[in-house]
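These numbers were taken from a predicted model, which means no experiment stands behind them. So you know, we letter chains A, B, ... as the sequences are listed, proteins then strands, and number each from 1.
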Amino acid sequence: MHAPHFHDDPFSPPAPGAGGTARLLEGLNPEQHAAVSLPAEPALILAGAGSGKTRVLTTRIAWLLATGQVSPGGLMAVTFTNKAAKEMLHRLSAMLPVPVRGMWIGTFHGLCNRFLRAHWKLAGLPQGFQILDTGDQLSAVKRVIKAMNLDEQRFVPKQVSWFIAARKEEGERPSDVDARDPNTRTMVEIYRAYEEQCQREGVVDFAELMLRTYELMRDQPALREHYQHRFAHILVDEFQDTNRLQYRWLKMFAPPENTGERARGTLRQSVFAVGDDDQSIYAFRGAQVGNMADFEREYRVRHLIKLERNYRSFGNILDSANALIAHNSKRLGKNLSTEAGPGEPVRVHEATSDYAEAQWLLEEAQGLHRGGLARSEIAILYRSNAQSRVMESALFNAGVPYRVYGGLRFFERAEVKHALAYLRLVENPNDDTSYLRVVNFPTRGIGARTLELLQDAARQSGRSLYQSVSAVAGKGGANLLGFNGLIDGLREATRGLTLREIIEKMLATSGLLDFYRTEKEGQDRIENLEELVNAAEAFVTQEGFGKDAVALPVDEIGPGTLADRREGPDGIAPAPVAPLAPDAETGEIMSPLAAFLTHAALEAGDNQAQAGQDAIQMMTVHSAKGLEFDAVFITGLEESLFPHENAMSDTDGLEEERRLMYVAITRARKRLYLSYSQTRLLHGQTRYNVKSRFLDELPEGALKWLTPRNQGFGSGYAKEYQQAWQRGTGPGGIVGAGRQDNRPPSWRRDSGGDSGDGKRVPWGGRDGYGAGRDAPLTGGGPVPTAMANAQAAKSGHGLRVGQAVFHTKFGEGVVITLEGSGADARAQVNFGRHGPKWLALSVAKLTPVD
DNA sequence: CGCACGAAAAGCATC
DNA sequence: TTTTCGTGCG
C-alpha cells in the first residue's frame, strides 16, 4: 500500500536544522524553547496562565514534524474542548504545510469516536452507532427507570445519569461497582439496564466513548501493540483536568514502561503533558489534579519545565494572582512574572446593592468603551449564573450590547434536536430515544396511551419501538404504522442525495417546517432549521465529504499486516486522510449523514446569542478559562458567593474556589476591577454578605479602592435607605422594584442588524429590576427587610437588619434577622467565614461597626 | 387524567 | 418568592 499523496508532501519535512526548523523556535523564551525541543521522553510542562502554553504545544508538534522525528500519523494530541483542538490545528497549519485534518488532534471524545469508528466490530458496536448527548442520555435513563417500574422520586433521573457517568469515569461497569446499600444496588441495576438499552439501540453516551476505547485497548493486545507502535508522541493539554479514566486511557496508548529510559526494545514513546495545577477548577466533575503528580512519578519524568513568564497581564494583576494563590497549600509551586511593568492598580469597588454594583459597572464599562476600548475586550465575570441578571438588566436598559455565554447551544435547541432525531431515524430506526422524540411531533394522533402499549410490546419482545408497531392494534397502531412509513419513505427518498438535500427533504416531509410556519414563535425556529442546513453544508465542505473525498484504509489490523504497514516508502507510517477513521478492515467511511450526526453530538456548536457584534462579554469564571480580555470585572466578591457557600466548609473546596479566583484574575491584560456588594437579591431573598476573604488575600499595594476602605458593612445601605425613606420612596416606593419576572432574558433575535439598541426585550417587556419607572436610580433598597428595619429601629437595642457588627469571637458580620424584644431579643448575624449564627442580644456582645 | 400557569433554576460545565 | 414537574387542552 502506498502512502497517501499530498500536495504538500508531509513525508518530506524540511531537513533538520534547515532554516524552517530554526524559524519555528524563534521568539521563544528559554523555557519555552527548552520545552519545545525536549528529547522524546516523558515531560511535564507546568504552564502558568498566559505563559504561551498553546504556543508551546503547537510549536512542539511542528518541531517534531519538521525535524523528521515523527510523521503526521505518528502523533496524537488531546484536548478537552473542540475550541482548543481547532486552535491547535489552526496554528499548526500556519506553521507547517501539513495535512492537519487527518492528524489525531482532537478532544478525548472526538478521538475515541474516531477510534471506535475504525474498530466498531471489535468494540461490539454497530457500524453507524450514534452518540447520545447529555439530554438524550437523560431521557434514555428516564425510560429505563420507567421500564423498571421504579419511583422517579427516589431514583431521580438526573442523579442516576450522573451516577452512571461517574461510574464510567471511574472505569467501572455495573459488575465492578461496589454496592453496599440497597439504594446503590438499585442504581447499579438501572446502570445495567441502561447499558443493555444503549447496546440494543446502537447508541453510546460520552463517557462510553472513553470507556469503550479504554477497554478495547486493554483487552486487545494486537490493537494495543499497534497503537503503541503508531503513536510515538502523545501530547496532552490541560492535564490537570483529566479524570481517572482519561489518565488510564492515556496509559493504554503510552504505558510508562514504553517511555523514556524505560522504553523497551524499539518501542519508545514520549508523552508531553501540559497543565497548571493552579488552574484546576473541575474537581467537581471528576478531574484529578493528582494525575499530575502520578504522571510525574509513574513516568519517571525527568523533564519538568515551568513556564512562569507571563505575556498577558501587567504586574499588579500578576502580583495579585500570585499573592492569592500562595494561600493554597496543595501546589506544585509556581510564580508568574512579567517584564511589562506594574501597570494600573487593581481597582476595588464596594457597592451598596447588587443593583448599585451593576450601575457602577455599567458606567465604568461605558467609560472604557468611550475611551476607545472595544466592548468585546471587556468581560464581566461572576461565580454563578444567577448573578448575571441584574447586570444584564442594567446593560439592556442602557442599550449596551452584551453577550452572555453558556446558554443553549445550537445543536441543543429543541427544533434542531427534533430535526436531528428524524435524521437519526433515517440512519437507524431502532434509535428509541429519537423515535420517542418525534413520533408525535408534529402531532399525528399518537397519544401517551398508544405509546405505553408500544413500549410494553417492545419491552416484552426485546425489540425496538420501530419494530414493535404491529403489536399495537387500533387507531393508534395505524398511526404508528403511518409514522414508520414516513421514516421508511424518507430513507428511500433520500438515498443517494447530498446531505443538504437529505435535510431539506426531511424538513419538508416530516412536517416540521409546516408546523413551525403556523406557530407564532416559529420564525426563529425556522431560521434555526435553515441554519442546520447551512451547518451541514459547511460540514461537508470542511470535512471533505464532497465527491472528491478519498477513503483510504488505514490502521487495518489483521494477521500479518501489523508489521508491514508500519512503514511507508521512507520508513514512516502513513497518516489517515479521512476525517473519521475508516473501518479498519474495509476502509469504508461513514455516510455523510451519519458523520454529520456524530459531529452534531460531539460539537454542540456555539450559543448564538449576539454573535458577531461588538458586545460586552459576560460569563461565569469557569467559562472564562482560557480566554483573555483587556479589561475584566470580577463581580460579587462576597463570602458565600465567591467563595461559594457550598465549597466553604472544607479546605479542598476552598482551595478550588481560590484557584477559580486565580483563573478569574489572570484573564485580565490591562485593567482589573473587583467588586462586591453589601446586599444582594438572590433567589428572591435579600442577602447580606461580608466581602470575600479573597480580597483580604491580595497585596494592598497592588490595589486601589474606588470606595472608602473599611466602610462598615451595611452602613452605606442604611444611609441610602434612610434617605430614600425621607424622600418618601421608602418601603412603598421600593417594594415594587423587586423583580417580578423570573425568566432569564430571552431575547428575540431582531431582524435589523443593529441590535442592542433597545429593540430586544430581556424581561419580556415587563419592568425589570430598576426598569426606571418606580425604582430609584441608585440605592434601590432590598425589599422585604425594609419593613423589618423600621420595626427594629423601635425595639431599643439599636440594631438594624443590614447593620454591620463586630463580635469578639466571630469577627465582622452583618445582621440579617432581628426577632423578639427586650430580654428575648435575638439576632441572626452572618459572619461570613463562620456562617450565619443566631445570637441572644442579652448575652452576645455585639458592637455596631460604622 | 386532573389542573393550572408560568417556568426554570438554586453551583460551576466540557464532550 | 416558594416548591416541583412537564405539556397541552377540554
Atom pair distance, as rounded to whole Å: [atom1] in [X] and [atom2] in [N]:
| X | N | atom1 | atom2 | answer |
| --- | --- | --- | --- | --- |
| A:Trp162 | B:dA13 | CH2 | C1' | 14 Å |
| A:Leu209 | B:dT14 | CG | C1' | 13 Å |
| A:Leu660 | B:dG11 | CG | P | 14 Å |
| A:Phe642 | B:dC12 | CZ | C1' | 10 Å |
| A:Asn243 | B:dC12 | CG | P | 21 Å |
| A:Glu169 | B:dA13 | CD | P | 16 Å |
| A:Phe410 | B:dC15 | CZ | C1' | 18 Å |
| A:Leu641 | B:dA10 | CG | P | 14 Å |

Are side-chain heavy atoms of [X] and [Y] found at a separation under 4.5 Å?
| X | Y | result |
| --- | --- | --- |
| A:Thr635 | A:Met391 | yes |
| A:Phe206 | A:Leu602 | yes |
| A:Tyr282 | A:Lys625 | yes |
| A:Phe596 | A:Leu532 | yes |

A:Glu603 and its side chain to side chain donor-acceptor pair (under 3.5 Å) partner, picked from A:His109, A:Arg409, A:Lys86: A:Lys86
Closest to the A:Arg409 side chain, choosing from B:dT14, B:dA13, C:dG6: B:dT14
Among B:dG11, B:dC15, B:dA13, the nucleotide that comes nearest once only the side chain of A:Phe206 is considered: B:dC15
Nearest-0.5 Å distance, OH of residue A:Tyr662 to CG of residue A:Asp276: 5.5 Å
Rounded distance (nearest 0.5 Å) linking atom OG of A:Ser280 with atom CG of A:Asn328: 10.0 Å
Aromatic ring pairing A:Phe295/A:Tyr247, orientation class (parallel under 30°, perpendicular over 60°, tilted between): perpendicular
Touch class at under 4.0 angstrom, heavy-atom based, for A:Asp241 against every strand present: nothing
Sugar-phosphate, base or nothing in reach of A:Asn385, heavy atoms under 4.0 Å: sugar-phosphate
Any donor-acceptor N/O pair under 3.5 Å between [N] base and [X] side chain:
| X | N | result |
| --- | --- | --- |
| A:Ser623 | B:dC12 | no |
| A:Arg383 | B:dC12 | yes |
| A:Glu656 | B:dG11 | no |

Does the side-chain ring of [X] lie flat on the base of [N], meaning centres under 5.5 Å and planes less than 30 degrees apart?
| X | N | answer |
| --- | --- | --- |
| A:Phe80 | B:dT14 | no |
| A:Phe284 | B:dC12 | yes |
| A:His622 | B:dA13 | no |

C1' gap between B:dG11 and B:dG6, integer Å: 24 Å
Whole-Å C1' distance, B:dA13 and B:dA9: 15 Å
Watson-Crick or G-U stems involving DNA chain C, each at least 3 pairs long, distances under 3.5 Å, ordered by first number: none
Pair pattern of DNA chain B in dot-bracket, where unpaired bases get dots and | marks partners in another strand, Watson-Crick or G-U under 3.5 angstrom: ...............
Aromatic ring proximity A:Phe441/A:Phe515, centre distance under 6.0 Å: yes
First of A:Phe441 and A:His683 reached from the 5' end of DNA chain C, by closest nucleotide: A:His683
